[in-house]
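Chain letters run A, B, ... following the sequence lines, proteins first, then strands; residues in each count from 1. Just so you know, these numbers come straight off a predicted model, no measurement behind them.
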Amino acid sequence: MPDLQLPTNIQFAQRFEDSTITDFKCQKCPLWETSVAGGRSSGKIMRSGVYGRGTGRNGLLIYGEALGHTEIIIGRPFVGDAGKLLSEVLSEIGIVESQSYITNTVRCRPPSNRVPVASEQDICMENHFTKDLPAPDWKPKLVLTLGAVALRSMLHMQKISERRGIFYDSPMFAGVKTLCTYHPAAILRKPELYPILRDDIRRAKDYLNDTDRGDLPPVTNIQIRTRTDFLEWMDYLLSADPRPALSVDIESTGLNYRKDKIVSISMSFYSEDNYVSLAFLTDARPEWWHLNLTDKQSLEFKLLQTLLESSKLTFQNGDFDTKFFWYNGIHAVSNIDTLDAHYLLDENSPHGLKHLVSMFLPKAGGYQQKILEVIGGDWDIQLASVKDLLEYNASDAFFTHLLRDKFLDMLKHQGLKDLFEQHAMPLKRALTCMSYRGIRMDRDRIMRLSETYRKEIKEKEEKLYDLVGQRFKYTSQSQLIKVLYQDLGLPVYKETKTGPSTDKETMEELAKLHPVPALIVSLRHARKMCQTYLDGNDGISEDKGTGILGHLDEYDRVHASFLTHGTTSGRLASKEPSLLNIPRDLEFRRCFIPQQGWQFINADYSQAELILLAYLSKDPSFINAVTSEDLHTKVLRTLVGIDESVPIDKEMRNFAKAINFRKAYGGGSKGLAAQLGVEEELTASWYKKWDAAYPGIPEWMESQATLWQVKGEVVSIYGRKRRFPNLQVLAIADPKRAREQQGYYDRLSINFPCQAGVADTMNRTLRLLHYYLNRIWPWSPSTMYNHPGAVLTVHDELLFESPEELVPDMCELIRGIMSLPLPMIGISLKSEMKVLSTWGGDV
DNA sequence: AAATGTAGCGCC
DNA sequence: AAACGGCGCTACATTT
């Protein structure tokens, strides 16, 4: 229920009650006239000039945008759907709404609910700001602005998504902070933003309660100008006992550690009751000393190397920084990574430093913003002044240090410390090594394959143009649509947001009517292979250099980054290039080869997610099925009642396979019917049979759905959490949307334990193998190619390269680790292993 | 010219 | 209207 308590201050309560068209005298902007539906002359009793509500006792002053339809009828701000959402989020966080003062930037209603223009905003604030408060001498503790309009009006800023969550100085009240966040109406349109709104409101509450004002401890910033200074600081740090943990950050000319150079390095630490941030150059600039990273024999290089290689280091996304260090001859190892820490704490939000600082160190966010304003958003590191560069570098290292302390504490409180230290960080280090090692590719084969595809493209294009009777750009969505649906007059089966669909499924349907769609499908495939996976040259596109070929280093190795934070499920992501979506076509996978004279060992888990589903649900029949010779066949036999002696053909088996996977992903009978091209009645009956055969599974699924709704999270067998939003809030404003969302989260709560369990099992395998190999042959950037190691992982598949003579031992080690029992469940997953001379098999 | 959004498609 | 979970990359189209 909206709060109906009136302001306690009599004088203001009086005005609030009487705030009708008759006593609102302001005519300073055009809105006084248009604010009433049908215009003021219509005689309708509608309110404009509506001031705020609430006592302001808790010190919170909230600015929205302008009056909406409901507001002008009732004559109170924030009483429509957005108001309900605001009430919900305030009560969820524990801010008493009636004690806050809630008003709008513009106190009238713009016609047809348009956004009030800047002049209207400014006129309204100028004329009503001092009057529209709970009492004339009242001063807030915190101003909260909701949405882009209030942000512009109060702080003269744009881009709410970049400014939200940061505490700025209030221009209106001396010594008061302003926090901005999304407008509740925006959340109604994009419910996935709700957690951010909630976090920001919580931040406001913490601020009001003095529990966390995000104050920064004092820090001594040292910009090292001379060699002597540098040597003194190195001496200080190297002889400190105990050696302080260092948070390290680098600035570089670009993102590629093999091509770009480190420009400056900063180290932040806590020593003798003080925070210190050191920063120095590694690139020549006038009047400043710099450490020359190419002179490996110099004293200063050796000191830095010794320090970094023997200290506990913290990075923010150290995958980036450590690879730079390694390439420059310093084997720095990340002990703590604030990015990975945050990923465990909140898998749903971004994990970049800027975002983390704005979320957890709001005061620093303002400071960081100031630096950005000084140096410009897109500064050229070569042109930046040394002072700005080092200040920026040092502040990032300092913030990383503060985040580190904060996150370690939070991980401990959430029972995630072990998962972080024993699992996530060792995995991160193993992945950085794997990426640095890279995987070798067969350049000639790439070129040959690409040539084959280009020939195919040429031929088929000619055919296409002949059929259509004109040359046209079939890669252009708009031209293709014109040709297919206008010129050829084919029927439209499916629509996208922007017009008729031309996707593969639709084209295959259209192929029954005309030869062109099939040609398009095969042309698209050939081009995709060339553009994305081969040399980027499809013979047509102007832009070359796309494709994996463009990622090869001088030894024909590709160094994809494996991200530990790319998913919400604990699965890895891979980029530049992604190695997780390489075509299964063996011709293509043969492009991936081990180093000269070595072998690949390929190990994969079979049907891991379904096995996990079986044991999580504890359904005896399904456990029986997943432990049988062939799961899909077994399921089919059970469903249809075919005896063990009768053989089952592949097509029938695929039916069972489709339904099994849909179960794990939360798919329904309708989708299955569409996929298989059969009636839904049929697939629905299969679903029924399936549920009846394995009753433990629907039961478990129900319980998962209940679990996330009650607890707000589900937890995997490794203790990884998946947090869910509170849909109760959304349901109040938009019940339909909430129901849709609920179905989605129900499916997630089912899929997450399976997907995350398998992902962390694979992650564990990777980390343990790295650990054991490292004990036999300590890993180092300079000697890595002398020893076997992982080169690739694809969710449930793992690829190693190994010298021939070590292959048997490696296989035994891999098999041993892969068959370790799973936590909580105690069973092991089935795995298979192959020795190969290329990823696509022997050639 | 750069940034953003969309469609489409590759993988598990 | 129907609804299958998790990703990244490409080209094209549109916006700034």
Side-chain angles (χ1 to χ4, degrees), chain A residues 158-159 161 347 377-378 473-481 494-507 520-521 523-534 536 538 540-548 550-551 560-563 565-585 588-589 604-610 613 658-675 680 722 736 739-756 758-759 762 792-798:
Chain A
Q158 273 129 40
K159 285 229 162 183
S161 58
E347 69 288 349
D378 43 22
K473 222 174 160 181
Y474 59 92
T475 54
S476 153
Q477 198 69 0
S478 51
Q479 291 188 38
L480 181 61
I481 286 172
K494 186 175 161 188
E495 293 268 355
T496 68
K497 264 187 195 172
T498 55
S501 171
T502 67
D503 69 7
K504 203 174 164 191
E505 205 188 350
T506 311
M507 302 300 257
I520 298 290
V521 170
L523 274 167
R524 272 193 190 150
H525 175 77
R527 286 170 56 90
K528 173 92 175 165
M529 292 301 113
C530 289
Q531 288 164 338
T532 307
Y533 299 111
L534 294 166
D538 59 7
I540 302 150
S541 308
E542 309 257 328
D543 298 326
K544 302 295 185 259
T546 62
I548 291 185
H551 289 281
S561 292
F562 283 85
L563 311 184
H565 62 282
T567 69
T568 48
S569 63
R571 266 193 181 179
L572 300 175
S574 164
K575 63 170 192 176
E576 289 168 349
S578 172
L579 295 182
L580 300 181
N581 60 357
I582 302 300
R584 299 192 66 187
D585 181 354
F588 190 86
R589 293 202 169 184
D604 71 299
Y605 286 116
S606 328
Q607 293 165 341
E609 289 185 7
L610 287 168
L613 175 64
I659 191 169
N660 288 338
F661 276 104
R662 263 162 199 281
K663 273 289 167 184
Y665 293 155
S669 56
K670 275 184 187 149
L672 183 60
Q675 181 193 337
E680 200 216 321
R722 180 71 161 89
K736 185 166 168 275
R739 275 196 302 277
E740 289 167 352
Q741 295 268 312
Q742 178 167 336
Y744 169 69
Y745 290 116
D746 285 349
R747 291 194 293 276
L748 270 192
S749 70
I750 292 160
N751 178 255
F752 172 79
C754 302
Q755 196 180 113
V758 175
M762 180 51 91
L792 193 68
T793 169
V794 191
H795 303 309
D796 57 8
E797 181 180 354
L798 195 46

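When rounded to the nearest whole Å, the span between CG of A:Asp503 and C1' of C:dT10 equals 16 Å. The OH-C1' distance, from A:Tyr745 to C:dA3, rounds to 15 Å in whole Å.
Between A:Glu609 and A:Arg571, at least one side-chain nitrogen of the basic residue sits less than 4.0 Å from a carboxylate oxygen of the acidic one, meeting the salt-bridge criterion.
Using a 4.0 Å heavy-atom criterion, one finds that A:Arg584 contacts the sugar-phosphate atoms exclusively. Using a 4.0 Å heavy-atom criterion, one finds that A:Arg589 contacts the sugar-phosphate atoms exclusively.
Residues A:Leu579 and A:Val794 have side chains not in contact (no heavy-atom distance under 4.5 Å, counting atoms from C-beta outward). Side-chain contact check for A:Phe588 versus A:Leu534: some heavy-atom pair is nearer than 4.5 Å. Using a 4.5 Å cut-off on side-chain heavy atoms (C-beta onward), A:Gln531 and A:Thr475 make no contact.
With hydrogens and angles left out, the side-chain atoms of A:Thr506 and A:Asp503 include a donor and acceptor closer than 3.5 Å.
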(Q) How would you summarise protein contacts on nucleotides 4-9 of chain C per nucleotide, using B for base, S for sugar-phosphate only and - for none, with heavy-atom distances below 4.0 Å? (A) BBBSBB
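The only option from A:Met507, A:Lys504, A:His525 that meets the side-chain contact (heavy atoms from CB on, under 4.5 Å) definition with A:Ile520 turns out to be A:Met507.
With C:dA13, C:dA3, C:dA11 as the candidates, the nucleotide lying closest to the side chain of A:Ser478 is C:dA13.
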Quick one: side chains of residues 658-668 of chain A, donor-acceptor pairs under 3.5 Å with protein atoms, not counting sequence neighbours, listed by atom name and distance.
unit_1: A:Asn660; atom_1: OD1; unit_2: A:Trp690; atom_2: NE1; d: 2.9
unit_1: A:Asn660; atom_1: ND2; unit_2: A:His632; atom_2: ND1; d: 2.9
unit_1: A:Asn660; atom_1: ND2; unit_2: A:Ala656; atom_2: O; d: 3.2
unit_1: A:Arg662; atom_1: NE; unit_2: A:Gln675; atom_2: OE1; d: 3.1
unit_1: A:Arg662; atom_1: NH2; unit_2: A:Gln675; atom_2: OE1; d: 2.8
unit_1: A:Lys663; atom_1: NZ; unit_2: A:Asp691; atom_2: OD1; d: 2.8

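Proximity of a side-chain donor or acceptor of A:Ser574 to a complementary backbone N or O of A:Pro577 within less than 3.5 Å is detected.
If you walk DNA chain B from 5' to 3' and mark each nucleotide with an atom closer than 4.0 Å to a heavy atom of chain A, the marks span B:dT4 to B:dC12.
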